[in-house]
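Nothing here was measured: the structure is a model prediction, and the numbers come from that model. So that the names make sense, note that chain A is the first sequence line, chain B the second, and so on, each numbered from 1. The figures that follow rest on heavy atoms only: side chains count, while hydrogens, waters and symmetry mates do not.
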Amino acid sequence: MDTELRSNFLRTQIQSDLDQGLVDRVVTRFPPEPNGFLHIGHAKSITVNFGLAQQYGGRCNLRFDDTNPEKESQTFIDAIEEDVRWLGYEWQGETRYASSYFGQLFDWAVFLIDTGRAYVCDLSADEARTYRGTLTEPGKNSPYRDRTVAENRTLFEAMRAGEYEDGERVLRAKIDMSSPNINLRDPTLYRIRRVTHHQTGDDWVIYPTYDFAHGQEDAIEGISHSICTLEFEDHKPLYDWFIECLPVPSRPRQYEFARLNVNYTVTSKRKLKLLVDSGAVAGWDDPRMPTIAGMRRRGYSPEALRHFCEEVGTSRSDGVVDVGMLESAVRNDLNVHAPRAMAVLNPLALELTNLAATEILSVANHPADETMGRREVTLSRNIWIDREDFRQEANKKFKRLVVGKRVRLRGGYVIEAERCDVDVHGEVTKVYATVVPQTLGEDPDDGVKAKGVIHWVDQSNAVEAEIRSYDRLFAVSDPSSAEDFDQVINQNSLTTSTAFLEASLAYAVPEARYQFEREGYFIADRYDHSSEQPVFNKVIGLRDTWVTND
RNA sequence: UGGGGCGUCGCCAAGCGGCAAGGCAGCGGGUUUUGAUCCCGCCAUUCGGAGGUUCGAAUCCUCCCGCCCCAGCCA
């Protein structure tokens with residue numbers, strides 16, 4: 001699956017910067033906060049940042065933006081690193097942490113104080129909000145705004161030394177309380193938080209805010225293009241203000257793109273956490289979750305995800321991508337890479353009354369790729385077929401087995417149904433059929449061709465397996481607009497059943513993907529599958545254009 | 001009613017003054033031992049709207065309309 005690189009504003013910008021000699025090397029970074037698992041929106045950001053670096057021969061860093069220890073943890077750091085690698089990317093050098101720059105950031109805060117550009121403010125959070133004004137009214141200066149440099153230094157050192165309670169004081173930039181851009185109304189640079197940090201332990205009781213940290217982190221790492229999402233555009237003047245006021249080692253530039261939205265799913269860490277905490281799903285990596293770990297367990301491949309992100313494009317206009325586009329990318333990849341096998345999910349017994357002895361058939365593992373080889377499949381007198389593939393009578397549109405009619409057993413013979421057993425409820429319990437001789441690889445001599453092809457599994461060595469079929473987690477296209485998740489969650493998003501697999505599938509390893517012919521794509525569960533107790537997750541069904549009107 | 005963005009086919013999205021790419025979905029037809037795949041064809045005289053500049057505008061200018069973001073000591 002070749003992915004054409006299409007033009008977008010970021011590539012145009014970078015190409016221009018390179019051509020004009022504004023930058024000599026592209027350096028990007030993927031900067032997640034370790035407060036949850038990565039989701040499809042992050043996958044987009046990852047492909048954008050690592051992809052750009054790759055395309056232009058540059059580098060991309062992985063940096064944890066860990067400036068708010070309250071919600072962060074090592075667990076998330078580990079999961080995120082694994083996700084990035086699994087997606088197929090390797091970052092430059094060691095993993096970076098905003099927290100490893102805390103010392104430098106503190107010194108720069110002092111520099112701002114010394115140059116009269118920052119002050120310690122004693123206003124409470126509520127008071128500060130009042131002073132900030134509103135969208136249409138300017139704010140008022142804090143009564144602490146004109147403290148002397150000396151006083152500010154003393155107070156800020158005392159904040160660091162832990163002499164004040166959480167929230168008692170903050171360090172703020174002195175910019176413009178009447179700016180129409182609220183981010184410039186003396187934003188907070190440091191706040192007091194007596195929280196043990198997952199990286200720095202109890203070294204600090206004050207932590208820098210995102211605004212004061214991010215640009216400087218970029219400058220320290222020599223980031224040339226700091227790419228983020230649209231909602232940070234209003235922060236750019238502040239980002240630039242710090243870069244210009246501080247003796248930073250480089251001059252990074254921020255660029256913003258529209259975040260990825262996909263219908264029938266949510267891409268908000270807060271909402272995903274809600275799903276996990278409420279027990280609506282089994283965890284962050286539940287196959288129904290739009291997290292990278294969830295999609296991995298579901299059976300989506302890194303290639304499919306990368307291709308999807310490229311196909312969707314990167315622009316500055318908000319939009320909602322149809323989940324069908326993601327599914328298309330998944331099917332596309334699986335169609336090419338997944339070996340075929342047979343499994344019967346809804347078994348109905350069928351006896352081949354004229355089959356004398358068990359035969360061994362050679363079946364191709366892929367209809368269009370002979371390099372995937374062939375496998376041997378046994379055919380015995382008793383086999384399983386799918387209940388949906390048999391009818392006592394049907395119209396001409398039905399291309400499966402009907403009493404008195406013929407179908408071909410995939411990879412095997414054409415058979416003809418003679419009769420069937422029916423129980424007291426009218427349900428078919430067993431089908432009897434005969435093998436039409438001389439039909440291995442050729443049509444019947446009598447000219448009566450098979451109506452279609454059905455899959456089957458030999459009863460004599462069938463492997464029993466648990467099948468977990470997934471449907472979309474939400475019943476509505478825009479679940480994020482709902483006030484209450486309970487209203488929009490699809491209560492039947494998981495269905496478990498037992499299936500019979502062809503014998504060769506007993507050797508499937510965890511995370512191996514197959515197409516169970518005519519059923520869909522399946523993956524051996526990463527955690528629960530074993531040869532003794534096979535467990536397969538349904539990745540996605542085959543495209544189905546069959547109109548059920550017969 | 002302040003500031004910042006965005007509006008090109010049902011959904012994404014190229015295009016950057018020279019006469020509307022591509023993908024997804026959809027619709028026809030062909031091939032097929034998967035109702036899959038594959039193949040062929042169709043699918044915006046028109047770019048939120050109205051004016052204007054120009055030989056020529058989706059691309060430039062003006063006004064209007066619609067949608068998104070910002071008032072965390074979150075990121």
Side-chain angles (χ1 to χ4, degrees), chain A residues 4 6-8 12 31-33 35 65 67-68 70-71 121 123-125 128-129 132-139 166-172 179-185 187-193 207 209-211 213-214 228-237 256 258 260 263 269-270 307-308 310-329 331-332 335-336 340 342 363-364 366-368 397-400 407-414 439-443 450 452-455 515-520 541-548:
Chain A
E4 293 284 322
R6 284 180 292 100
S7 169
N8 66 45
T12 302
E33 184 189 9
N35 64 348
D65 222 344
T67 56
N68 184 10
E70 279 173 312
K71 303 176 297 181
C121 181
L123 252 26
S124 69
R129 188 179 318 121
R132 191 154 35 234
T134 69
L135 293 178
T136 54
E137 302 158 25
D166 286 14
E168 202 176 325
R169 289 182 218 271
V170 296
L171 181 72
R172 302 174 69 176
S179 171
N181 181 342
I182 291 180
N183 294 299
L184 262 21
R185 317 238 267 228
T188 298
L189 272 39
Y190 267 93
R191 67 287 213 194
I192 303 170
R193 283 274 184 291
Y207 292 98
T209 56
Y210 164 85
D211 282 318
H214 205 89
C228 59
T229 41
L230 250 26
E231 66 270 27
F232 290 101
E233 186 156 32
D234 287 344
H235 294 245
K236 187 152 58 179
E256 315 83 19
L260 171 65
N263 61 15
K269 265 191 221 171
R270 192 183 68 77
H307 186 254
F308 166 70
E310 179 57 32
E311 280 303 307
V312 154
T314 306
S315 76
R316 288 174 58 84
S317 48
D318 297 301
V320 182
V321 174
D322 194 311
V323 69
M325 212 156 155
L326 208 209
E327 296 174 340
S328 167
R331 282 198 187 94
N332 247 308
N335 176 50
V336 174
R340 315 284 119 127
M342 291 195 282
V363 182
H366 192 108
K397 283 184 176 175
F398 191 71
K399 296 171 64 176
R400 312 177 190 186
V407 282
R408 178 180 291 283
L409 292 180
R410 173 104 249 229
Y413 297 94
V414 170
T439 53
L440 214 49
E442 48 192 285
D443 287 332
V453 181
I454 65 172
H455 57 102
Q515 182 196 106
F516 290 171
E517 295 204 62
R518 301 210 311 131
E519 289 290 358
L542 258 26
R543 184 160 168 271
D544 187 6
T545 54
W546 184 46
V547 282
T548 59

Quick one: on RNA chain B, does A:D322 or A:T439 contact a more 5' nucleotide (nearest heavy atom)? A:D322
Using a cutoff of under 3.5 Å, can you pull out all pairs of nitrogen or oxygen atoms linking the protein to nucleotides 13-18 of chain B, with atom names and distances?
unit_1, atom_1, unit_2, atom_2, d
B:A13, OP1, A:S315, OG, 2.5
B:A13, O2', A:R6, NH1, 3.2
B:A14, OP1, A:T314, O, 3.3
B:A14, O3', A:S7, OG, 3.2
B:G15, OP1, A:S7, OG, 2.2

Using atom C1' in both nucleotides, what's the gap between B:G3 and B:A71 to the nearest angstrom? 12 Å
What does A:R543 touch in the nucleic acid at a heavy-atom separation under 4.0 angstrom: a base, only the sugar-phosphate, or nothing? sugar-phosphate
Rounded to whole angstrom, note down the P distance from B:G30 over to B:A36. 13 Å
Can you check the distance between B:G28 and B:A21, where both ends of the measurement are the P atom (answer in whole Å)? 25 Å
Distance check needed: B:G26 P versus A:M325 CE, whole Å only. 14 Å
Give me the distance, rounded to whole Å, that separates B:C12 from B:G17 when you measure between the P atoms they each carry. 26 Å
In whole angstrom, give the distance that lies between atom CG of A:N332 and atom P of B:G23. 11 Å
Applying a 3.5 Å limit to both distances, which nucleotide forms a Watson-Crick or G-U wobble pair with B:G17? none
Between B:U32 atom P and A:D443 atom CG, what is the distance in whole Å? 10 Å
Could you check whether A:G412 gets within reach of a base, just the sugar-phosphate, or nothing at all, counting any heavy atom under 4.0 Å? base
Indicate, with a heavy-atom threshold strictly under 4.0 Å, whether A:G520 touches base, sugar-phosphate, or nothing. nothing
Under 4.0 Å between any heavy atoms, over every strand shown, what does A:V414 touch: base, sugar-phosphate, or nothing? Just pick one. nothing
Which heavy atom of A:D443 sits nearest to which heavy atom of A:R408, and what is that distance? OD1-NH2, 4.0 Å
Report the C-alpha separation of A:R340 and A:H455 in whole Å, then their side-chain angles, then the decisive distance to 0.1 Å, and conclude whether the side chain to side chain contact (heavy atoms under 4.5 Å, CB included) test is met. CA-CA 11 Å; A:R340 315 284 119 127; A:H455 57 102; over 6 Å; no
Taking the P atom of each, how far is B:C70 from B:U62, in whole Å? 28 Å
Nearest heavy-atom approach of A:R172 to A:V170 is CG-CG2, 3.6 Å
Listed partners of A:K269 passing salt bridge (Lys or Arg N to Asp or Glu O under 4.0 Å), at least two apart: none
Can you sort out the partners of A:H214 under ring pair (Phe, Tyr, Trp, His ring centres under 6.0 Å), two or more places apart, ordered by chain and number? A:Y210
What nucleotide among B:U34, B:C24, B:G35 has an atom nearest to a side-chain atom of A:D544? B:G35
Taking atom P in both B:G41 and B:C47, compute the distance separating them and give it to the nearest angstrom. 28 Å
Could you give the NE2-to-P distance, from A:H307 to B:C12, as a whole number of Å? 19 Å
Return the pairing partner of B:G56 with a 3.5 Å limit on both distances, Watson-Crick or G-U wobble; otherwise return none. none
When rounded to the nearest Å, what value does the distance between P atoms of B:G15 and B:U37 take? 31 Å
Partners passing ring pair (Phe, Tyr, Trp, His ring centres under 6.0 Å) against A:H366 (at least two apart in sequence or in another chain): none
For B:C27 versus B:A14, give the span between their C1' atoms, rounded off to a whole number of Å. 25 Å
Where does B:G72 land, syn or anti, once you apply the within-90°-of-0 test for syn? syn
Could you state the CD-C1' distance from A:E519 to B:G35, rounded to the nearest angstrom? 13 Å
Set out, in order, the CA-CA distance, both residues' side-chain angles and the distance that settles side chain to side chain contact (heavy atoms under 4.5 Å, CB included) for A:L326 and A:V321, then state yes or no. CA-CA 9 Å; A:L326 208 209; A:V321 174; over 6 Å; no
Can you tell me how far P of B:A36 sits from CZ of A:R400, to the nearest Å? 11 Å
Can you tell me the distance, in whole Å, between the CG atom of A:L326 and the C1' atom of B:C11? 13 Å
Exactly one of A:T229, A:D234, A:L230 should register a side-chain contact (heavy atoms from CB on, under 4.5 Å) with A:F232. Which one does? A:T229
Residues in ring pair (Phe, Tyr, Trp, His ring centres under 6.0 Å) contact with A:F308, at least two apart in sequence or another chain: none
In whole angstroms, how far is the C1' atom of B:U32 from the CD atom of A:E517? 12 Å
Mind checking what makes salt bridge (Lys or Arg N to Asp or Glu O under 4.0 Å) contact with A:E70, not counting sequence neighbours? A:R193
Checking N1-N3 plus N6-O4 or O6-N4 for Watson-Crick, or N1-O2 and O6-N3 for wobble, each under 3.5 Å, the partner of B:C67 is B:G5
Would you classify A:Q515 as touching base, sugar-phosphate or nothing, given that sugar-phosphate means primed atoms plus P, OP1 and OP2, and contacts are heavy atoms under 4.0 Å? base
Quick check: any donor-acceptor pair below 3.5 Å linking the side-chain of A:R518 to the base of B:U34? no
For a quick check, tell me whether the side chain of A:R340 and the base of B:U34 share a donor-acceptor pair closer than 3.5 Å. yes
Counting Watson-Crick and G-U wobble pairs only, both distances under 3.5 Å, name the nucleotide matched with B:C43, or none. none
Can you give one letter per nucleotide of nucleotides 70-75 of chain B, going 5' to 3': B for a protein heavy atom under 4.0 Å from the base, S for sugar-phosphate only, - for none? BBSBSB
Going by the rule salt bridge (Lys or Arg N to Asp or Glu O under 4.0 Å), which residues pair with A:D166 if we only count those two or more places apart in sequence or in a different chain? A:R194
Using salt bridge (Lys or Arg N to Asp or Glu O under 4.0 Å) as the criterion, list what pairs up with A:R410, not counting sequence neighbours. A:E517
Earlier contact from the 5' end, RNA chain B, for A:L440 and A:L230: A:L230
For B:U62, what is the paired nucleotide under Watson-Crick or G-U wobble rules, both distances under 3.5 Å? B:A50
